[in-house]
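As structure tokens, the structure follows; a few thoughts come after it.
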Amino acid sequence: MKGKIKWQRIRTALVSGIMAVLPAMPALSILASSSVQAADTVQEANHVALNQLADKLQLSYQLTASYLETCPAKEAQCYRSAIELTLPTQLSNEELNHGDWQIYFSQLSPVYFVDAGDFNIEHINGDLHKIVPKASFKGFVANQVYRIEFYSQGSQITRSEFMPNFFVAMGDKAQPIKSTQTQRNKETGLPEQAYLAPFNVDKQFLLAKNDATPFADGQYLAEQYQALAADAGKTPDISGKLIPTPLHSQSLDSAPLSLAKGYRITAAAVDFKGRQAAFDYLDSLGFSAKDKGTPLLLQLDAQDPNVANTEARDSEIKNREAYRLTITAEQISIRAGSEAGLFYGLQSLAGLISLSDEQLVAIDIQDQPRYAFRGLHIDLARNFHSLDFIKRIIPQLAAYKINKLHLHLADDEGWRLAIPGLPELTDVGAKRCFDLTEQSCLLPQLGSGIADVNPVDGYLTVAQYQAILQLADAHHIEVIPSLDMPGHSRAAIKSMEARYRHYLAKGEKAKAEEFLLTEFADKTQYSSIQYYHDNTLNVCLPSTYHFIDTVIDEVKKMHQAAGVPLVHYHIGADETAGAWVESPACIAMKQQKADKLAGLHSLNGYFIERVANILADKGIIAAGWNDGMGEVRPEKMPAQVQSNAWSLISDNGHQIAHKQANLGWKVVISTPEVTYFDFPYASHPDERGNHWAARAIDSFKVFSFMPDNLPAHAERWRNSLNQPFIADDSQSQLKPEQGFYGLQGHLWSEMVQSDEQAEYMLFPRMIALAERAWHRAPWELAYDYQGKIYSQQTQHFASQLNGQAEQVLKQDWQTFAAVYANKVRPKLAKAGVFYRIAPPGIRVENQHLVLNSLYPNTELEYQLDSGSWQTYRQAFKLNDVKHIRARVKDGARYSRPSTWKKTL
């Protein structure tokens with residue numbers, strides 16, 4: 001590099017001059033001293049330039065085409081983007097460390113072709129990329145725009161898929177670029193990406209030539225809301241309603257109960273697990289214990305014939321969670337056959353309460369759950385969410401009778417649980433920073449930034465994890481830990497490599513290799529689904545199973561010390577394609593154990609079988625995702641196995657779910673098109689979320705899910721391009737004696753960078769999922785064990801209930817929406833939950849603008865042009881309005897503004 005040569009000449013002349021002035025000084029000392037001074041000068045200059053770039057560089061990211069019919073280099077699918085760099089002051093190449101600087105950023109889909117003059121983009125690993133100046137770049141000219149156009153594989157479509165927190169580096173120093181950091185909108189509380197250019201044209205919204213996804217602008221939302229709204233004068237009576245809906249309820253001929261009187265626990269009331277947690281929740285709603293309150297009877301009575309309806313007698317767990325709640329003006333009575341039943345009876349009492357009403361109607365409820373497993377999966381690995389978030393959410397889950405909390409604690413981007421004896425897992429694996437050698441941390445990923453104290457990094461200590469276990473147990477929630485293996489294991493792999501280097505440097509080779517997950521002689525080249533080339537542990541090493549055995553033992557000890565048994569352990573077991581092909585250890589194992597591997601089409605199946613049986617020997621039930629679980633030999637698996645069925649229904653995923661349920665496995669429905677809450681609520685670029693399975697998952701879609709009949713959704717849903725599909729169940733039927741174990745919602749956190757964002761993505765969809773997990777609605781189409789083919793042309797759903805199924809579903813939704821708006825939402829707000837507020841619909845009727853909302857009793861506001869916000873009372877004349885926005889006010893918060901049309 002010419003710049004470096006020039007500096008070397010200056011430094012040589014400087015040294016020569018000093019020697020001439022001070023001939024008596026030893027030459028070596030003079031040279032060393034001057035070299036240090038020169039190096040310090042260079043370092044200081046670099047530091048100034050680095051800070052200037054970090055503080056002043058304006059970086060703009062533009063999605064210029066969301067898909068191209070013809071991609072460079074004949075890539076099957078790609079999109080085009082551009083990054084523009086502008087610096088308000090001049091910065092020469094010499095000041096920029098003679099071109100030795102880079103800009104690092106996260107790009108979920110790899111950049112593979114760059115069309116730019118002065119810069120190149122290199123993919124490093126995972127989503128990490130760097131912008132590198134070419135030799136032609138001579139420095140920044142003040143206010144000149146430097147444009148870098150490039151193409152990436154695959155697709156990105158929502159604004160949240162474009163990651164924040166670019167950073168600039170020189171040598172081993174790095175600083176975040178301020179212009180790429182997100183800002184929080186003061187009114188909505190939602191993040192804003194000022195560096196990301198607007199998304200407002202079709203070429204930024206469609207994923208293919210045949211993509212028919214509707215743009216969810218105000219007009220579209222208005223139509224959707226209107227289709228679900230109650231007819232005029234038919235607002236449902238919700239006085240005796242709650243979520244989830246009980247199996248049976250009947251109004252009683254009695255005066256209402258006064259909440260102002262409080263309650264008084266009768267002397268005969270029993271003590272039980274969850275009692276205090278339930279009373280604390282009632283107290284938070286203003287219904288408290290008082291000396292002269294209404295008598296509250298709590299009674300365990302396993303023999304009560306009214307407790308367990310005959311429909312649930314085939315399920316011991318369902319019977320244990322059944323209860324009977326009777327409310328009159330004189331007494332509240334809860335009878336159940338178990339402590340869980342009493343707890344859920346109290347939750348139903350809380351569910352009937354409205355914060356705006358001091359009375360409860362007299363009612364008799366007999367209830368039990370639809371499924372034994374009613375779960376929520378939260379990903380703490382990709383982006384960490386705080387202990388306070390988990391503590392805040394557990395009571396909310398219990399209030400709606402969710403009984404499983406599946407915590408995803410390890411993945412490529414982070415290991416989030418302290419393991420005694422293996423401190424490297426959290427010392428290295430729980431943080432991301434600028435250390436490309438990964439000696440002290442993992443590579444930055446997912447726009448994590450490089451700060452030493454990073455809000456998206458962290459981990460649970462043993463004590464914190466045990467506190468979660470105990471709090472969950474007090475709310476009758478089982479915690480299911482998941483430490484993903486053998487794929488998605490990069491955090492563990494790099495942590496154990498750091499441990500290896502540490503002990504190898506001390507000459508302790510055996511200790512260095514004790515927990516090693518890497519075979520350094522394995523030269524297999526692969527790319528994971530998240531574009532890592534080193535994220536799959538080696539399943540043929542004895543040290544791998546020693547590591548897993550140790551981790552499981554330590555997790556089990558944590559549960560035992562907390563007094564909460566470890567029942568299920570989720571292996572993960574998915575997405576390992578391409579690994580181990582050239583592994584010497586695996587080649588040798590295939591030769592040595594050919595008979596034991598017979599019938600397996602992958603070593604991943606061998607791994608799952610082995611770990612599942614390790615767990616079974618410890619009295620723990622193994623769980624995993626259905627794709628990995630489908631690679632095993634069922635006869636080699638333990639008697640009890642749980643599988644999460646997450647294959648797409650639009651790709652005949654029901655067939656896999658049925659196959660695994662027919663094995664007698666405990667299959668938990670985890671259908672991405674409806675249970676993945678990291679997808680957007682609506683097909684709008686401002687709605688946070690992923691897009692590969694669905695462009696929109698709103699609360700109505702979750703509410704209208706029929707989990708017992710997966711293929712039937714081909715009549716009601718479309719795929720991710722909004723195209724119809726066929727679900728063929730003619731040869732893949734469930735056996736009549738088999739069914740699904742449960743239903744689970746999921747929050748993956750690649751695009752969820754704060755606790756508030758996590759709550760926004762969960763609520764209110766989680767409330768709708770709780771409804772379906774507990775209650776089977778009368779409009780749900782019963783599963784046909786003879787097998788059917790479903791499509792947009794078949795009418796099996798619509799023809800049931802004398803052709804009134806759609807109307808019955810609509811009426812059921814209206815009740816749910818009213819209960820949510822009037823009873824649930826105020827409680828979420830009181831608990832400080834950052835739930836989503838649905839943006840308003842905007843439509844034109846007779847030259848008047850009309851606003852509406854998804855939920856009743858919603859305060860709407862509108863703004864004409866740039867005027868002030870006005871409360872919406874009635875339709876107003878369109879006149880010559882060129883611009884309108886509308887928003888929904890909810891307490892002190894607002895929804896994102898809803899524009900009238902996509903293109904204004």
Side-chain angles (χ1 to χ4, degrees), residues 59-85 101-137 146-169 180 195-197 199 203-209 211 382 412-413 436 443-448 487-488 490 523-536 575 577-579 581 690-692 720-721 750-751:
L59 188 149
S60 173
Y61 191 116
Q62 303 169 10
L63 173 65
T64 59
S66 52
Y67 87 94
L68 297 167
E69 292 190 31
T70 303
C71 296
K74 298 182 179 180
E75 189 71 24
Q77 184 178 20
C78 71
Y79 60 98
R80 186 176 66 235
S81 307
I83 290 176
E84 293 185 345
L85 306 175
W101 63 278
Q102 306 88 32
I103 292 175
Y104 291 84
F105 67 105
S106 289
Q107 177 90 0
L108 292 180
S109 300
V111 174
Y112 77 99
F113 184 86
V114 182
D115 184 13
D118 289 333
F119 297 91
N120 200 4
I121 298 178
E122 300 174 9
H123 176 227
I124 299 173
N125 204 354
D127 65 47
L128 188 62
H129 293 70
K130 68 177 178 179
I131 299 172
V132 182
K134 296 180 181 178
S136 59
F137 181 73
Y146 298 86
R147 185 176 177 87
I148 310 165
E149 294 191 353
F150 56 96
Y151 298 79
S152 304
Q153 298 172 5
S155 60
Q156 288 184 202
I157 203 72
T158 66
R159 293 177 68 84
S160 62
E161 290 178 297
F162 295 84
M163 296 294 170
N165 298 320
F166 289 56
F167 61 93
V168 60
T180 65
Y195 64 93
L196 193 57
F199 287 21
K203 65 182 181 180
Q204 297 169 308
F205 181 71
L206 302 177
L207 289 170
K209 189 175 182 178
D211 189 350
R382 270 60 176 272
D412 297 321
E413 295 81 12
L436 299 182
L443 291 174
Q445 298 284 332
L446 302 173
S448 63
H488 292 276
R490 193 172 189 276
K523 303 304 179 184
T524 306
Q525 294 184 3
Y526 65 92
S527 179
S528 75
I529 197 166
Q530 277 84 27
Y531 306 104
Y532 291 102
H533 54 72
D534 54 358
N535 80 328
T536 305
E575 298 175 342
V581 175
N690 214 318
H691 72 274
W692 56 267
S720 60
L721 297 178
E750 290 98 325
M751 279 148 276

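Computed from a predicted structure; not experimentally measured. The figures here come from the full heavy-atom set of this structure, side chains too, leaving out hydrogens, waters and symmetry mates.
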With sequence neighbours left out, what residues match Phe137 under side chain to side chain contact (heavy atoms under 4.5 Å, CB included)? Asn93, Leu96, Trp101, Asp118, Phe119, Pro133, Phe140, Tyr146

With side-chain hydrogen bond (donor to acceptor under 3.5 Å, both in side chains) as the test, would you mind laying out the steps for Glu413 and Tyr532 before giving the verdict? CA-CA 11 Å; Glu413 295 81 12; Tyr532 291 102; 2.7 Å; yes

Crowding at NZ, Lys134 (>12 non-hydrogen neighbours, <6.0 Å): yes

A side-chain contact here means heavy atoms from C-beta on lying under 4.5 Å apart; do [X] and [Y] qualify?
| X | Y | answer |
| --- | --- | --- |
| Gln525 | His533 | no |
| Leu63 | Gln156 | no |
| Ser448 | Asn165 | no |
| Ile157 | Tyr79 | no |
| His691 | Leu207 | yes |
| Gln107 | Tyr61 | yes |
| Thr180 | Phe105 | no |
| Phe167 | Pro444 | yes |

Is there a donor-acceptor pair closer than 3.5 Å between any side-chain N or O of [X] and the backbone N or O of [Y]?
| X | Y | result |
| --- | --- | --- |
| Glu161 | Met751 | no |
| Ser66 | Lys203 | yes |
| Arg80 | Cys71 | no |
| Tyr151 | Asp115 | no |

Identify the two heavy atoms, one from [X] and one from [Y], that lie closest to each other, and give their separation to 0.1 Å.
| X | Y | value |
| --- | --- | --- |
| Asp211 | Ser720 | OD1-O, 4.5 Å |
| Gly487 | Thr536 | CA-OG1, 4.0 Å |
| Gly447 | Ser106 | N-OG, 2.9 Å |
| Arg159 | Leu196 | NH2-O, 2.8 Å |
| Tyr112 | Ala73 | CE1-CB, 3.9 Å |
| Ser152 | Val111 | OG-CG2, 3.6 Å |

Who passes salt bridge (charged side-chain N to carboxylate O under 4.0 Å, His left out) against Asp534, sequence neighbours left out? Arg490, Lys494

Starting from the C-alpha separation in whole Å, work towards a yes-or-no answer on side-chain contact (heavy atoms from CB on, under 4.5 Å) for Glu122 and Val132. CA-CA 8 Å; Glu122 300 174 9; Val132 182; 3.9 Å; yes

Measuring from [X]:[atom1] to [Y]:[atom2], what's the distance to the nearest 0.5 Å?
| X | Y | atom1 | atom2 | value |
| --- | --- | --- | --- | --- |
| Ser109 | Gln77 | OG | CD | 8.5 Å |
| Leu59 | Ile148 | CG | CD1 | 8.0 Å |
| Ile121 | Ile131 | CD1 | CD1 | 5.0 Å |
| Asn535 | Ser527 | CG | OG | 8.5 Å |
| Phe199 | Gln62 | CZ | CD | 10.0 Å |
| Leu436 | Asn125 | CG | CG | 11.0 Å |

Dump the intermediate steps for side-chain contact (heavy atoms from CB on, under 4.5 Å) on Tyr531 and Asp127, then the final yes or no. CA-CA 7 Å; Tyr531 306 104; Asp127 65 47; over 6 Å; no

Should the ring pair His129 and His123 be called parallel, tilted or perpendicular, given that the plane angle runs from 0 to 90° and is split at 30 and 60? tilted

Would you say Thr64 and Glu149 are linked by a side-chain donor-acceptor pair, where the criterion is simply a distance under 3.5 Å? no

